[in-house]
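The block underneath contains the structure these notes are about, expressed in structure tokens.
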Amino acid sequence: MSSVRIKICGITTADDALLCHRAGASYLGFIFYIKSPRAIPPESAGEIIRSLPEDVTPVGVFVNPTRAEVERSALQSGIRVVQLSGDETPEFCAEVPLPVIKVVRKGTPLKDQPGPGDFDVFATMVDGSSAGRYGGTGVLADPDFAAATAASSRCFLAGGLTGDNVLGVLSRVSPFAVDVSSGVEIRPGVKDPVRVRHFCRKVSQHNKERMD
């Protein structure tokens, strides 16, 4: 039984990146969606990424980008995985020249819209749903939808997670990884060391209990 990995998203500084990695994060998310309060230019993300150890995977987060935008941002930043958090199609995901994490939310598949099983990607991310917003909402994902997705694919679980609720969520869902952003912040884009370490300790506790 494999351990649940940790992805911490919305990284904007080198200090926060190292804090999160040292606490236990395997994936760090850099948001290239300019409407996000946690947005960072790809060039600035690249400066941070070049300072990181090789065992942490930098992820670039996009919402409805063009392929050219993804390729340019990847070249500028050095991300190794692309997270697509918008309304991207399975065909678009297949064209991206890096491993893709595709975000899905309860409510799909709708008529003529793809569901989680329609994407041939590295991983699926189940996020909480809030009308008109593409993540960072602090809304918990639907646990039944998340559990069904995790049972059939490599699944990242996001949406409203904190150190106080992650154990309860993990008792119902068995994801490949958990993703947190607002739940470990002082304010958007600024991580709280106490909350980061608390969250990572709880995930580590879950992993230890599963192994015992």
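Note that the numbering runs from 1 along the sequence shown for the chain. Both backbone and side-chain heavy atoms feed into the values below; hydrogens, waters and symmetry mates do not.
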Any non-hydrogen side-chain atom of [X] less than 4.5 Å from a side-chain atom of [Y]?
X: Val103; Y: Leu84; result: no
X: Ile6; Y: Phe199; result: yes
X: Val178; Y: Leu170; result: yes
X: Phe30; Y: Pro58; result: yes
X: Arg197; Y: Val184; result: no
X: Asp127; Y: Val104; result: no

So, are Asp142 and Arg105 salt-bridged, with charged N and O less than 4.0 Å apart?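 Looking at Asp142 and Arg105, the cut-off is not met.
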
Between Lys102 and Glu88, does at least one N-O distance fall below 4.0 Å, as a salt bridge requires?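 Salt bridge present between Lys102 and Glu88.
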
[X] side chain vs [Y] backbone, donor-acceptor pair below 3.5 Å:
X: Thr12; Y: Gly189; value: yes
X: Thr162; Y: Asp164; value: yes
X: Glu209; Y: His206; value: no
X: Arg172; Y: Ala146; value: no
X: Glu43; Y: Glu47; value: no
X: Asn207; Y: Val4; value: yes
X: Ser73; Y: Pro42; value: no
X: Asn64; Y: Asp87; value: yes
X: Asp16; Y: Pro193; value: no

Nearest 0.5 Å, please: how far is CD in Gln205 from SG in Cys200?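 It comes to 13.0 Å.
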
Euclidean distance, Lys7 NZ relative to Leu161 CG, rounded to 0.5 Å: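 Between Leu161 CG and Lys7 NZ, I get 11.5 Å after rounding to 0.5 Å.
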
Tyr33 and Phe62: aromatic ring centres closer than 6.0 Å?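 Between Phe62 and Tyr33, which both carry aromatic rings, the centre distance is not below 6.0 Å.
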
Sequence-distant partners of Ser26, side chain to side chain contact (heavy atoms under 4.5 Å, CB included), two or more places apart: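 Ser26 satisfies side chain to side chain contact (heavy atoms under 4.5 Å, CB included) with Arg5 only.
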
Arg67 atom CZ, over 12 foreign heavy atoms within 6.0 Å: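 Yes, because the 6.0 Å sphere around CZ of Arg67 holds more than 12 heavy atoms from other groups.
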
Please name the residue in the list Val61, Ile40, Val82 that meets the side-chain contact (heavy atoms from CB on, under 4.5 Å) test with Phe32.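 Result: among Val61, Ile40, Val82, Ile40 is the only option passing the side-chain contact (heavy atoms from CB on, under 4.5 Å) with Phe32.
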
Could you tell me how the ring of Tyr27 sits relative to the ring of Phe122: parallel (under 30°), tilted (30 to 60°) or perpendicular (over 60°)?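 The rings of Tyr27 and Phe122 sit tilted, inter-plane angle from 30° to 60°.
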
